[in-house]
Amino acid sequence: MSFPLLTATAALPALGAIATAAVPAARRVAAKWLALLVSLGTLALAAVTLVRFDPGGDRYQLTESHSWIPDFGVSYQLGVDGIGVALVALTALLMPFVILAGWHDADPMETGSRRWRPTQGFFALILAVEAMVIISFEATDVFLFYIFFEAMLIPMYFLIGGFGDRAHEHGDEVAATQRSYAAVKFLLYNLVGGLIMLAAVIGLYVVAGSFSLQEIVHARADGSLHMATSTERWLFLGFFFAFAVKAPLWPLHTWLPNAMGEATAPVAVLITAVVDKVGTFAMLRFCLQLFPEASKWATPAILVLALISIVYGALLAVGQRDIKRLVAYASISHFGFIILGIFAMTSQGQSGATLYMVNHGISTAALMLVAGFLISRRGSRLIADYGGVQKVAPVLAGTFLIGGLATLSLPGLAPFVSEFLVLVGTFTRYPVVGIIATFGIVLAALYTLVLYQRTMTGPVKAEVAQMPDLRVRELLVVAPLIALLIFLGVYPKPLTDIVNPAVKQTMSDVHKTDPKPEVEAAQ
């Protein structure tokens with residue numbers, strides 16, 4: 001039997017979480033180093049997975065299949081296509097930076113009512129989230145996917161509610177209340193979506209007699225499985241609702257600004273750059289493949305919701321006073337672009353959406369982590385409390401600027417390629433939708449540049465006059481992310497080569513081809 005590489009990639013952080021939690025209370029530093037080493041080991045396994053994946057080979061590779069609950073037709077089935085392997089690599093790549101950035105976020109507190117923050121628990125929860133997200137990207141059994149899709153809510157709930165941001169404008173008791181509110185809101189929204197999806201999962205099994213994604217897709221393709229139109233549409237809506245909550249898509253987005261605002265910066269990165277990608281990934285893997293006709297039926301309504309997310313998120317980002325909430329609303333706008341690309345039903349749109357998932361993860365991580373370093377120095381998340389930072393901390397200001405420029409999709413940085421492909425792919429089939437979506441780019445330039453101007457330029461405020469520049473640990477976090485943004489912005493081919501074959505297969509599943517250009521033949 002060949003080495004179970006996919007299982008190992010998910011199992012290592014899971015075992016690392018248990019080991020980190022078991023480190024004695026007095027050995028906080030040892031727990032940090034153990035978590036970092038485990039994340040680096042997981043990154044190495046993900047790199048091997050990426051190298052062994054053949055873009056020109058079978059659709060699902062490195063597959064594993066074992067009977068799990070045979071009486072209910074549940075199997076332990078794993079496999080990655082080009083989209084899944086890219087997101088596994090993204091998750092494993094970001095985790096060492098998340099851990100390094102949060103190195104002191106769970107250290108003991110000597111003031112306030114919360115005197116001790118369990119360091120071991122903080123890093124163990126981060127590794128647990130990594131394990132569950134990775135196996136969600138690998139699962140090809142619908143029930144197996146559902147279990148981890150829901151299970152990841154538990155560690156995220158404790159990371160948001162138990163390890164909130166110390167830079168809070170209110171007192172400790174008020175801050176604790178707001179953290180609890182944000183954590184409960186996150187949990188309730190996602191649990192409701194998950195319960196609706198569970199009903200759809202059961203309905204799918206009743207209709208198809210299997211939870212295996214590949215078996216159901218093949219049965220639908222060869223005509224041995226037929227779903228009534230109404231049944232397919234109801235099942236699609238059950239799956240899509242859960243994924244839209246996780247994504248998050250307007251109007252199911254309201255939990256995200258609270259969660260990102262109250263969480264520490266590394267946990268905020270975990271939410272929007274890693275966990276939320278499971279929702280958009282699942283739209284491609286499950287909604288389009290299992291319910292192709294219902295996906296096409298729902299496309300007009302979903303495109304409208306995506307457009308609202310793009311414009312609404314960007315408009316609210318413009319008016320934010322809080323740095324972290326601004327990034328949260330900007331992410332809502334970006335997820336609108338991702339969903340727009342998926343349901344444009346063109347190869348350029350879906351390739352751009354997949355690239356956007358990866359590039360948004362890197363750019364948001366860079367911007368949010370630098371913002372976290374900035375906030376930890378000043379002790380405030382309010383934009384108005386800053387000014388003139390670039391004169392006292394030029395490296396911090398410079399990295400903040402590059403992260404912001406990536407967020408507005410500046411040419412030469414990775415998100416530009418993604419956004420361009422999404423807009424081109426949308427315009428070829430839905431020109432009006434593509435035109436309206438471009439307003440999101442204009443608004444992104446506005447909120448990003450205004451944020452930089454108000455925090456980094458102008459007279460130096462007295463409270464930031466002694467602000468130190470980035471330290472070595474912080475540079476180790478930010479520099480590789482910025483290097484990746486530049487590399488993938490200039491040369492995205494390694495990523496597109498992996499993603500494009502999977503996108504073509506998804507287009508075939510929904511029986512869609514790219515529109516032909518309407519150009520008059522030359523005489």
Side-chain angles (χ1 to χ4, degrees), residues 83-84 86-95 97-98 133 137 243-244 246-250 253 256-257 259-260 265-266 268-284 306 309-310 313-314 317 324 326-342 349-371 402-423 425-426 437 440-441 443-445 447-448 478 480-482 484-489 492 495-496 499:
I83 300 168
L87 293 173
V88 168
L90 170 70
T91 303
L93 172 70
L94 292 180
M95 297 313 293
F97 302 122
V98 167
V133 170
F137 291 140
F243 303 152
K246 185 85 80 179
L249 179 68
W250 184 92
H253 67 285
L256 182 66
M260 287 185 65
V269 169
L270 202 59
I271 295 169
T272 191
V274 177
V275 172
D276 288 354
K277 298 301 188 303
V278 178
T280 48
F281 162 79
M283 291 178 189
L284 278 166
S309 289
I310 291 169
K324 292 168 70 176
L326 185 151
V327 178
Y329 281 109
S331 291
I332 292 170
S333 181
H334 296 150
F335 274 102
F337 276 108
I338 294 171
I339 296 170
L340 185 69
I342 292 172
Q350 292 188 359
S351 293
T354 305
L355 291 178
Y356 216 135
M357 286 188 244
V358 176
N359 294 333
H360 172 264
I362 300 171
S363 63
T364 300
L367 179 61
M368 179 59 82
L369 293 179
V370 176
I402 295 174
L405 293 176
T407 298
L408 64 82
S409 300
L410 184 77
L413 297 174
F416 169 76
V417 180
S418 319
E419 204 163 89
F420 179 77
L421 284 173
V422 167
L423 290 172
T426 303
I441 302 176
L443 293 172
Y447 63 69
T448 300
V478 178
L481 295 174
I482 290 176
L484 269 173
L485 288 174
I486 297 172
F487 174 77
L488 292 176
L495 195 52
T496 56
V499 165

Exercise for review: Find out whether Val88 and Val133 are in side-chain contact, i.e. whether some heavy atom of one side chain is under 4.5 Å from a heavy atom of the other.
Suggested key: no
Point to revise | Set of residues satisfying side chain to side chain donor-acceptor pair (under 3.5 Å) with respect to Ser333, sequence neighbours excluded | key: none
Practice item. Let me see the working for Thr272 and His360 under side-chain contact (heavy atoms from CB on, under 4.5 Å), right down to the final yes or no. Key: CA-CA 9 Å; Thr272 191; His360 172 264; 3.6 Å; yes
Review point. Which distance, rounded to the nearest 0.5 Å, do you find between the CD1 of Ile310 and the CG of Leu443?
Key: 10.5 Å
Point to revise | Spacing of Leu256 atom CG and Leu249 atom CG [to the nearest 0.5 Å] | key: 12.0 Å
Practice item. Looking only at non-hydrogen atoms, find the nearest pair between Lys324 and Ala265 and report the distance. Key: NZ-N, 4.0 Å
Practice item. Please report the shortest heavy-atom distance between Pro266 and Val98, naming the atom on each side. Key: CB-O, 3.6 Å
Review point. Taking only residues two or more places apart in sequence or in another chain, which ones pass side-chain contact (heavy atoms from CB on, under 4.5 Å) with Ser418?
Key: Leu355, Tyr356, Asn359
Practice item. Would you indicate whether the side-chain heavy atoms of Thr280 and Ile339 approach each other to under 4.5 Å? Key: yes
Please tabulate, for side-chain N and O atoms in residues 404-416, each donor-acceptor pair with protein atoms closer than 3.5 Å (sequence neighbours left out).
{"unit_1": "Thr407", "atom_1": "OG1", "unit_2": "Gly403", "atom_2": "O", "d": "3.0"}
{"unit_1": "Ser409", "atom_1": "OG", "unit_2": "Glu419", "atom_2": "OE1", "d": "3.4"}
{"unit_1": "Ser409", "atom_1": "OG", "unit_2": "Glu419", "atom_2": "OE2", "d": "3.1"}

Check your understanding: Rounded to the nearest 0.5 Å, how far does CE of Met260 lie from CG of Leu326?
Key -> 10.0 Å
Practice item. Rounded to the nearest 0.5 Å, what's the gap from OG1 on Thr364 to CD1 on Ile271? Could you check? Key: 12.0 Å
Review point. For the ring pair His253 and Phe335, is the centre-to-centre distance below 6.0 Å?
Key: no
Review point. Taking atom CE of Met357 and atom CG of Asp276, what is their separation to the nearest 0.5 Å?
Key: 12.0 Å
Practice item. For the residue pair Trp250 and Ile332, establish whether any side-chain heavy-atom pair is separated by less than 4.5 Å. Key: no
Exercise for review: For Phe243 and Gly279, work out which heavy atoms get closest and say how close.
Suggested key: CB-O, 3.5 Å
Check your understanding: If every non-hydrogen atom of Ala366 is compared with every non-hydrogen atom of Leu485, which pair is closest and at what distance?
Key -> CB-CD1, 4.3 Å
Review point. Closest approach of Phe337 and Val422, non-hydrogen atoms and distance?
Key: O-CG1, 3.4 Å
**Study point:** Worked verdict on Val358 versus Leu87 for side-chain contact (heavy atoms from CB on, under 4.5 Å)
**Key:** CA-CA 7 Å; Val358 176; Leu87 293 173; 4.2 Å; yes
Check your understanding: How long is the span from the NZ atom in Lys277 to the OG1 atom in Thr91, to the nearest 0.5 Å?
Key -> 9.0 Å
Practice item. Could you pull out the closest heavy-atom pair between Gly84 and Phe281, with the gap in Å? Key: CA-CE1, 3.8 Å
Revision key, fill the gap. Those residues at least two apart in sequence (or on a different chain) that pass side chain to side chain donor-acceptor pair (under 3.5 Å) with Ser363 are none
Practice item. Indicate yes or no: at least one non-hydrogen side-chain atom of Met95 is less than 4.5 angstrom from one of Leu270. Key: yes
Practice item. Apply side chain to side chain donor-acceptor pair (under 3.5 Å) to Thr354 and list each qualifying residue two or more places apart in sequence or on a separate chain. Key: none
Study note, to complete from the structure: side chain to side chain donor-acceptor pair (under 3.5 Å) filter on Lys246, not counting sequence neighbours, yields none
